[in-house]
Amino acid sequence: MRTFFFFEITNATQFKQQLGQNIHDRITTATVASGQLPNAAVNLGFTVDGLKALGVTDNLGDRSFSNGQVNDVSAMGDPGTTNWVQAFTTKNIHGVFVVAANTSDDASTELQTLQNFLGSSISEQYTLQANERPGDQLAHEHFGFKDGISQPCVQGFQNCLPGQTVIAPGVLILGAQGDSTSRPTWAKGGSMMAFRQLQQHVPEFNAFLNQNAIIMPGFSQAQGAEFLGARMFGRWKDGTPLDLSPLAADPSIANDPQRNNNFTFVHSGSNLNSDQSRCPFSSHIRKTNPRADIQPENTVNHIMRSSIPYGPEVTSAESQGNKTTTDRGLAFSSYQSQISNGFLFQQQNWANLQSFPPGKNESAGFDAIIGANKGKPRQSFGLDPRDQSKGLTLPDFVVSKGGAYFFFPPVSALATAGQLAK
Ligand code: N7H
C-alpha cells in the first residue's frame with residue numbers, strides 16, 4: 001500500500017532543522033532508474049511553492065514544474081478544475097511524503113513518526129490512501145487490466161528485456177547523461193514526478209463495453225465486451241499484447257517477460273500505416289509508446305511509471321446500476337527529468353492529439369483510455385477491426401481530479417549540509 005501525504009510547510013526553519021537531523025536518513029534513495037520500488041520506504045518531493053517556502057529560488061530548468069500543474073489544465077485536456085481535489089487548486093501543497101509499506105499499520109506508524117519529528121512545522125493538506133487490489137486482481141488496476149508491464153530501460157543501469165525502449169539516464173534523472181538542460185549542482189541526481197489522481201468510472205466502462213461489444217465469429221457477448229476493452233488498451237486484461245495475440249489472451253505470452261513486451265506493431269505483409277487488425281492506433285499503449293510508428297524510434301518522450309490504484313472495489317449496487325458512487329481510480333505517478341518531455345508530452349501531444357500516431361491513412365482520434373477533450377465526448381477510431389474507419393464516441397471513463405508536480409531531490413540535498421536542510 002502507499003500513502004500520499006501532501007503538506008504545507010508552515011515553519012521553514014524548524015522544517016529544515018528536522019529534515020537535516022531526523023528526516024533525511026529515513027528517505028529511501030531514489031530507485032527510479034532501476035525501475036524497482038522498495039517494499040517499505042519513504043520518498044519526499046517538493047512543489048515549486050515548497051522550494052520557495054524553504055527559500056530555494058534556483059531555476060531547476062523545468063518550466064511545467066516552475067508554473068505548477070494548475071497552469072497545465074488546458075494542455076492536459078482537463079475541463080477546468082471543477083473536478084479537482086480542492087487542495088490541488090491552491091498553492092498550499094508544498095511537499096509530499098510517499099510512504100510505501102506492506103501493511104496499513106506499517107504505513108501509518110512511519111507517517112506518524114515523520115509527523116512527530118516535524119510537529120507544527122507542517123500542516124496536512126490532503127492524504128490519499130492507495131492500495132493494491134485484492135486476490136487475483138493484484139497488480140491489476142480498477143478496469144481489471146494488468147499495469148506496470150512496459151517501462152523504458154535505462155542504459156547502463158539495467159539489463160534490458162526484449163521490446164523495451166533503451167533511454168539515456170538523463171531522460172529520467174536531472175543532470176545525468178543525456179540531460180542537456182542546465183541544472184543547479186545540488187539538484188542533479190533528482191527527478192521530477194507528475195502526480196495525477198485519475199478517477200475511473202468502472203461500472204460505466206463495463207456497461208459501455210457490453211453495449212458496444214465487438215462480436216467476432218465464435219465470440220460470446222462477454223468475449224465481445226472483453227475484446228473491445230482489450231482493443232482500447234492494446235493489451236488483454238492479463239497483459240497479453242494484441243499485437244502478438246489479437247483475438248485471445250495468451251497466458252504463455254503474458255507471463256513471459258521475454259515475450260510480453262517484444263513487439264513493434266510491424267508485421268510482414270501488413271501495412272503499418274493502415275492495418276489496425278491487430279492493435280488500434282488509438283489504443284492506450286500505442287498512443288503512449290508508438291514504437292515503430294515513429295522512425296527512428298523515439299527515445300526522448302518516455303516516463304517511468306509507478307502508479308497504484310486507490311479506492312474500494314466496485315460494489316454490487318454500483319455494478320447493477322452501472323453507476324460509480326464511490327471515488328476510485330489510479331494514483332498515477334510518473335518520473336522524468338522534464339515534465340514537458342514526459343507526462344505532459346504524452347498526454348498533450350500523443351493521447352489528446354487526434355492525428356497521432358503520424359503518417360496514418362486514417363486519423364486515430366483520442367487515446368481510448370486517457371485521451372481528454374476538456375470534458376466533451378471523444379472519438380476514437382479503429383477500435384472495431386471489422387470496420388477500421390468507424391469512430392466510437394466515448395464518454396470520459398477516466399476523470400482527472402487534478403494533481404501536482406514535484407521535485408524529488410537526491411538524498412544529498414536533504415542531509416544536514418545539503419541545499420534544502422541548510
Ligand atoms: Fe497507462 N492501467 O492501469 O490500466 N497503462 N494508464 N498512462 N501507460 C498502460 O504496459 C492506465 C496513463 C502509459 O510502453 C497499461 O504497463 C490507466 C497516463 C505508458 O507499451 C495499462 C490510466 C499516461 C504505458 C495502463 C493510465 C500513461 C502505459 C498497459 C488512467 C501518460 C506503456 C500495461 C486511469 C500520460 C506503454 C503496461 C508501452 C501502459 C493503465 C494513465 C502512460 C493497463 C487505467 C496519464 C507510457
Side-chain angles (χ1 to χ4, degrees), residues 35 64 69 72 75-78 130 132-133 137 139-153 160-167 171-172 193-202 205 229-230 232-244 254 257 260-265 279 283-294 297-299 301-311 327-336 339-353 356-357 366-372 396-403:
S64 287
Q69 193 175 111
D72 284 337
M76 294 183 296
D78 283 19
E132 285 292 358
R133 294 186 55 219
Q137 290 302 299
H140 292 239
E141 52 63 62
H142 280 293
F143 291 141
F145 289 78
K146 189 161 183 196
D147 196 12
I149 301 169
S150 178
Q151 299 274 27
C153 180
C160 301
L161 288 163
Q164 279 193 290
T165 306
V166 181
I167 59 168
V171 173
L172 305 182
M193 191 256 242
F195 179 83
R196 297 275 283 159
Q197 184 171 339
L198 298 173
Q199 186 178 60
Q200 291 174 257
H201 291 182
V202 182
F205 178 75
M232 290 167 76
F233 270 99
R235 288 185 187 266
W236 296 90
K237 280 187 171 167
D238 70 353
T240 310
L242 266 72
D243 194 57
L244 299 181
N260 65 14
N261 204 26
N262 192 15
F263 59 93
T264 60
F265 308 120
C279 189
S283 65
H284 179 52
I285 67 152
R286 196 157 179 174
K287 277 283 199 173
T288 55
N289 185 3
R291 300 180 192 233
D293 285 332
I294 294 183
E297 188 184 19
N298 179 308
T299 54
N301 302 115
H302 286 268
I303 57 179
M304 185 69 79
R305 291 172 299 133
S306 170
S307 307
I308 177 165
Y310 73 88
D327 186 17
R328 70 175 60 74
L330 196 69
F332 172 88
S333 318
S334 76
Y335 293 88
Q336 54 270 294
I339 288 158
S340 60
N341 284 342
F343 155 72
L344 186 62
F345 194 92
Q346 292 193 358
Q347 183 72 56
Q348 180 178 17
N349 297 327
W350 289 356
N352 297 354
L353 186 68
F356 188 85
F366 288 86
D367 179 318
I369 301 299
I370 63 157
D396 285 336
F397 301 115
V398 171
V399 173
S400 159
K401 300 200 76 186

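Each ligand, and each atom within it, is numbered from 1 in the order the structure gives. Quick note: numbers below take in every heavy atom, side chains included, and nothing from hydrogens, waters or symmetry partners.
You'll find the side chain of S64 reaches within 4.5 Å of the side chain of D72, heavy atoms only. Two residues are said to be in side-chain contact when any heavy atoms from C-beta on lie closer than 4.5 Å; R196 and D78 meet this criterion.
Near I370, meaning under 4.0 Å from one of its heavy atoms, ligand 1 places the atoms 12 (C), 18 (C), 22 (C), 23 (C), 26 (C), 30 (C), 35 (C), 41 (C), 45 (C). Near S150, the atoms of ligand 1 lying under 4.0 angstrom from a non-hydrogen atom of the residue are 10 (O), 14 (O), 16 (O), 20 (O), 32 (C), 37 (C), 38 (C). Close contacts between ligand 1 and G148 involve ligand atoms 16 (O), 37 (C) [criterion: under 4.0 Å to a heavy atom]. Applying the 4.0 Å criterion to heavy atoms of F343 picks out, from ligand 1, the atoms 35 (C).
Remark: of the listed residues K287, Q347, H284, H284 is the sole one forming a side chain to side chain donor-acceptor pair (under 3.5 Å) with D367. The side chain to side chain contact (heavy atoms under 4.5 Å, CB included) with Y310 is formed by just one residue from the set H142, Q199, Q200; it is Q199.
When heavy-atom distances to ligand 1 are checked against a 4.0 Å cut-off, Q151 has no atom that comes that close, whether in backbone or side chain. Residue-level proximity to ligand 1 for D147 is carried by backbone and side chain together, each with a heavy atom below 4.0 angstrom. Of all the heavy atoms of V398, the ones lying under 4.0 Å from any atom of ligand 1 belong exclusively to the side chain. Counting heavy atoms under 4.0 Å from ligand 1, residue R305 touches it through the side chain alone. In F332, the part holding a heavy atom less than 4.0 Å from any atom of ligand 1 is the side chain.
For a threshold of 3.5 Å applied to N or O pairs, the pair formed by I149 and ligand 1 contains at least one separation below that value. On a distance-only criterion, I369 and ligand 1 share no N/O pair closer than 3.5 Å. The distance criterion of under 3.5 Å between nitrogen or oxygen atoms is not met by K146 with respect to ligand 1. At a 3.5 angstrom cut-off on N or O pairs, H284 counts as close to ligand 1. Residue-to-ligand polar distances place R291 within reach of ligand 1: an N/O pair is separated by less than 3.5 Å. Among the atoms of Q347, none of the N or O lies under 3.5 angstrom from an N or O of ligand 1. Below 3.5 Å of separation, one finds no N or O of Q346 facing any N or O of ligand 1.
Remark: the backbone N or O of G371 is not paired with any side-chain donor or acceptor of N352 at under 3.5 angstrom. Counting only distance, with no hydrogens or angles, the side chain of Q336 and the backbone of V171 share no donor-acceptor pair below 3.5 Å. Within the 3.5 Å criterion, the main-chain N or O of F265 finds no donor-acceptor partner in the side chain of R291. In this structure, Q197 contributes its side chain and K401 its backbone to no donor-acceptor pair below 3.5 Å.
Note that R235 lies outside the cation-pi zone of F145, set by a 6.0 Å cut-off to the ring centre and a 45° limit from the axis.
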task: Assess whether side chain to side chain contact (heavy atoms under 4.5 Å, CB included) is satisfied between S307 and D147, documenting all intermediate values.
output: CA-CA 8 Å; S307 307; D147 196 12; 4.2 Å; yes

task: Check the pair S150, I285 against side chain to side chain contact (heavy atoms under 4.5 Å, CB included), reporting the backbone distance first and the verdict last.
output: CA-CA 9 Å; S150 178; I285 67 152; over 6 Å; no

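To the nearest 0.5 Å, atoms CG (N260) and NZ (K146) are separated by 7.5 Å.
Looking from atom 22 (C) of ligand 1 to the surrounding protein, the closest heavy atom is L330 CD2, 3.6 Å. What sits closest to atom 40 (C) of ligand 1 on the protein, heavy atoms only, is F233 CE2, 3.7 Å. Nearest protein neighbour of atom 3 (O) of ligand 1, counting heavy atoms only, is E141 CG, 2.7 Å. Nearest to atom 19 (C) of ligand 1 among the protein's heavy atoms is T288 OG1, 3.3 Å.
The ring of F343 has its center no closer than 6.0 angstrom to the ring center of F345.
Not a single heavy atom of G329 sits under 4.0 Å from any atom of ligand 1. Contact between H142 and ligand 1 is absent, with no heavy atom of the residue lying under 4.0 Å from the ligand.
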